[in-house]
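So that the names make sense, note that chain A is the first sequence line, chain B the second, and so on, each numbered from 1. Side chains included, hydrogens not; waters and symmetry mates left out as well; all remaining heavy atoms used. Treat the numbers as computed from the prediction; the structure is a model and nothing was measured.
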2 protein chains.
Amino acid sequence: MTIEDVARAVGVSPSTVSRALQDAPVISAATRRRVARVAARLGYVPNQAARSLVTRTTRTFGLMIPDVTDPVHGQVVTGFEQAAAEAGYTVIMANGFADPQRERRAIALFLAHRADGVALMGSVLPQARVRATVRPAPVVFINGEHVALAGYASDLATGCIRSDDLSGIDALVRHLVEGGRRRIGYAHGRPSASDLTRRDAAARALRRAVPGSRLIEYGGEGWRSESALAGLIARDRPDAVLCYDDKLALRTIAALRTLGVRVPGDIAVAGFDDIPFAALSNPALTTVAQRSEEMGRLAVGMLRSALERAQMPRSITLPVQLVVRESTARRR
Amino acid sequence: MTIEDVARAVGVSPSTVSRALQDAPVISAATRRRVARVAARLGYVPNQAARSLVTRTTRTFGLMIPDVTDPVHGQVVTGFEQAAAEAGYTVIMANGFADPQRERRAIALFLAHRADGVALMGSVLPQARVRATVRPAPVVFINGEHVALAGYASDLATGCIRSDDLSGIDALVRHLVEGGRRRIGYAHGRPSASDLTRRDAAARALRRAVPGSRLIEYGGEGWRSESALAGLIARDRPDAVLCYDDKLALRTIAALRTLGVRVPGDIAVAGFDDIPFAALSNPALTTVAQRSEEMGRLAVGMLRSALERAQMPRSITLPVQLVVRESTARRR
DNA sequence: TTGTAAGCGTTATCAG
DNA sequence: CTGATAACGCTTACAA
């Protein structure tokens with residue numbers, strides 16, 4: 001079923017059908033209607049590949065995420081996909097699993113499909129180099145995880161979106177200290193730039209809030225299981241533990257419970273992200289809310305304006321919000 | 001950067017480059033190497049659109065899910081995407097949100113992109129009609145949700161994948177009854193075929209296990225918020241509530257907790273799906289484990305064999321497994 | 001083993 | 001307002 005079949009059926013030329021289907025203003029209303037009717041009856045759907053070939057545009061965005069299974073990533077995908085669909089773009093998706101090899105493969109995929117734009121979430125690749133590879137298509141980075149980004153380093157000046165982890169962690173630490181917690185620990189997630197960034201942010205915030213104190217670290221390089229981590233924490237009995245993210249916090253709370261440690265009675269626990277289950281856990285989890293879905297939408301927005309204005313918008317840091325719940329409640 | 005540029009740079013014809021890059025056996029090893037080197041240096045990536053146009057195959061699968069945000073869907077996507085990548089397929093993704101209109105749009109998208117195969121998760125559209133539309137590309141349905149599928153009705157004979165909800169619910173009900181629970185309720189999720197199926201399965205299982213008893217229903221048509229639902233349950237005080245899925249169960253437990261109802265002390269609560277957070281909740285959630293990731297992989301497998309053998313494999317019902325945790329523990 | 005040429009299904013240009 | 005016609009970038013007979 002090609003445009004030619006439709007043309008024959010209507011009794012016009014292929015160009016007329018093409019124009020009619022694109023609502024080109026030159027076409028007569030009558031023809032447009034006839035063409036539309038016949039095309040619908042025949043179930044004709046224009047071949048995107050053929051169209052892309054000539055228009056040199058695919059109306060496709062490539063989206064790489066580390067792993068859809070993570071609730072945060074899922075929300076970013078949702079926001080991205082919806083915004084893309086609204087703008088008439090198709091999304092091709094690939095999981096990168098925070099692995100350089102797989103990320104490169106994902107990018108090659110987007111290149112092969114000539115995606116009009118590319119969004120990379122949690123990419124561990126060097127941003128400038130990626131941009132050079134994907135050029136001329138615009139690339140936006142969402143919460144980049146390239147090693148060089150750990151700690152104080154910063155994203156490229158344009159096209160990067162990230163959450164304001166520093167403020168989030170700072171608010172969290174202040175909240176903990178105000179609650180009378182002094183010995184504060186940080187539970188490491190899998191090694192990553194953002195893990196280090198959050199750890200550093202916590203250390204600084206703590207030094208500021210409680211002069212002379214030092215952040216205790218759990219996990220990190222020699223990272224093993226959550227239960228091992230919880231064992232460490234249970235033995236050490238800090239006043240509070242700040243976890244890399246909500247998933248880890250929830251697992252830690254569960255593991256502590258099996259060890260007979262009460263949260264927040266014995267130890268306060270906080271997470272990061274505000275995933276849907278943070279509010280449902282028992283105790284409900286204190287955390288920092290990231291605007292994940294908005295990040296996805298924003299990425300599409302940046303891509304579109306880069307395409308329209310031929311210039312990538314400046315990088316942006318989204319504000320986060322401290323969400324205080326039960327897991328850090330003051331000791332009775 | 002086209003195949004012609006590469007050809008010129010190497011000093012051969014475009015066809016030679018094409019063959020070399022595809023590892024066609026006819027090409028000489030020397031040429032193949034030269035072409036590969038130059039192509040890499042130039043950063044040449046074949047244009048998929050052009051390729052599809054002539055090969056009449058896109059190496060692309062369309063995947064529709066109701067909403068990636070749901071953990072179960074996320075796992076299906078992961079399995080699907082991985083299996084697809086391993087087989088050299090690209091995934092184009094669209095959210096259907098259990099809305100016929102959006103599902104049709106998603107399918108139109110797959111059609112436009114000439115996806116070699118299509119997987120629809122939780123589709124609310126009539127299966128046979130969808131098949132007819134997408135033909136000749138194969139379509140697999142994962143946990144179809146078309147209204148006609150509610151209760152006892154069954155999927156098409158080929159290309160459908162679903163979890164054995166009936167056995168799962170049955171095991172759940174028996175477990176509850178063995179635990180001494182007699183007055184058993186079912187908490188409805190959003191209206192859907194699987195919601196009805198599970199409700200019916202629960203009703204039958206209960207009649208079988210406790211002759212003369214009747215399943216109490218919470219929510220359903222006049223469905224409101226979880227807290228309203230929890231209010232209903234708290235007032236009615238059944239022995240146990242079986243929830244449509246884990247998300248609902250977790251929310252219900254949280255809401256009951258704020259009402260001062262103890263789980264499982266006062267009321268036992270069970271879910272369905274075994275999402276990752278089911279094991280972490282407090283109390284840990286009794287549920288039925290679905291093999292979500294495997295469903296995704298299986299869908300790709302079915303699509304591939306349909307493509308290779310020109311015939312869609314028979315429909316399959318995946319076994320599920322009862323996972324007993326704290327939320328349905330025997331009353332002390 | 002390599003080159004030539006046709007054609008995949010569209011759209012854009014240029015006449016009419 | 002509509003119709004020819006030439007690309008778009010690639011693969012694949014067919015020839016050499």
Side-chain angles (χ1 to χ4, degrees), chain A residues 1-36 38-39 42-60 88 90 108-116 136-137, chain B residues 1-36 38-39 42-60 88 90 108-116 136-137:
Chain A
M1 181 53 47
T2 75
I3 201 171
E4 198 147 354
D5 298 324
V6 180
R8 239 194 314 273
V10 183
V12 294
S13 75
S15 352
T16 299
V17 174
S18 172
R19 286 189 279 250
L21 259 24
Q22 288 172 82
D23 284 326
V26 294
I27 235 77
S28 86
T31 316
R32 185 199 317 276
R33 231 191 330 276
R34 265 192 313 148
V35 169
V38 173
L42 262 37
Y44 168 73
V45 180
N47 184 323
Q48 257 304 327
R51 179 177 278 183
S52 315
L53 205 51
V54 36
T55 59
R56 322 182 64 89
T57 166
T58 57
R59 302 231 37 113
T60 285
T90 301
L109 195 84
F110 302 153
L111 251 28
H113 283 270
R114 297 295 190 271
D116 291 343
Chain B
M1 181 55 46
T2 75
I3 202 171
E4 198 147 355
D5 298 323
V6 179
R8 240 194 313 273
V10 182
V12 294
S13 76
S15 19
T16 300
V17 174
S18 172
R19 287 189 276 249
L21 259 22
Q22 288 172 83
D23 284 325
V26 295
I27 237 77
S28 86
T31 315
R32 185 198 317 276
R33 230 189 331 276
R34 266 191 313 148
V35 168
V38 173
L42 263 38
Y44 168 72
V45 180
N47 185 323
Q48 258 303 329
R51 180 177 277 182
S52 313
L53 205 50
V54 34
T55 60
R56 321 180 66 89
T57 167
T58 57
R59 302 230 40 110
T60 285
T90 301
L109 195 83
F110 302 152
L111 250 28
H113 284 270
R114 297 296 189 270
D116 290 343

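When rounded to the nearest whole Å, the span between CZ of A/R51 and P of C/dT11 equals 5 Å. The interatomic distance linking B/I3 (CD1) with D/dT12 (P) rounds to 11 Å, in whole Å. In this structure, B/D5 places its CG atom 11 Å from P of D/dC8, rounding to the nearest Å. Rounding to whole angstrom units, CD of residue A/Q22 and C1' of C/dT11 are separated by 7 Å. A straight line from CZ of A/R34 to C1' of D/dT2 spans 11 Å, rounded to a whole angstrom. If you measure from atom CZ of A/R19 to atom P of D/dC1, you get 12 Å, rounded to the nearest angstrom. Between the P atom of D/dC10 and the CG atom of A/N47 lies a distance of 16 Å, rounded to the nearest Å. Residue A/M1 contributes atom CE, which lies 13 Å from atom C1' of C/dG9 at whole-angstrom precision.
Taking 3.5 Å as the limit, the base of C/dG9 and the side chain of B/R114 contain no donor-acceptor pair of atoms between them. A donor-acceptor contact under 3.5 angstrom links the side-chain atoms of A/S15 to the base of D/dA4.
Two residues, A/T2 and B/S28, neighbour DNA chain C, and the one matched to the more 5' nucleotide by heavy-atom proximity is B/S28. Along DNA chain D, the nucleotide nearest to A/R32 and the one nearest to A/V54 differ in position, and the one closer to the 5' end is contacted by A/R32. Where B/P25 and B/L53 each meet DNA chain C at their nearest nucleotide, the meeting point lying more 5' is that of B/P25.
Put simply, A/T55 has no side-chain N or O that comes within less than 4.0 Å of OP1 or OP2 on C/dT10. Between B/S18 and D/dT11 there is a side-chain N or O to OP1 or OP2 distance below 4.0 Å. For C/dT2, neither phosphate oxygen OP1 nor OP2 lies less than 4.0 angstrom from any side-chain nitrogen or oxygen of B/T16.
Taking 4.5 Å as the limit, some side-chain heavy atom of B/N47 sits within range of a side-chain heavy atom of A/L53.
With no hydrogens or angles considered, a side-chain donor-acceptor pair links A/H113 and B/T90 at under 3.5 Å. Side-chain N/O atoms of A/S13 and A/T16 include a donor and acceptor closer than 3.5 Å.
Remark: side-chain polar atoms of A/T55 are paired, donor with acceptor, to backbone N or O of A/R51 under 3.5 angstrom.
Within the 4.0 angstrom heavy-atom criterion, no nucleotide atom of any strand lies near A/S52. When heavy atoms are screened at a 4.0 angstrom cut-off, A/R56 is found touching the sugar-phosphate backbone but no base atom.
Across all non-hydrogen atoms, the minimal contact from B/A9 to B/V38 is CB-CG1, 3.7 Å.
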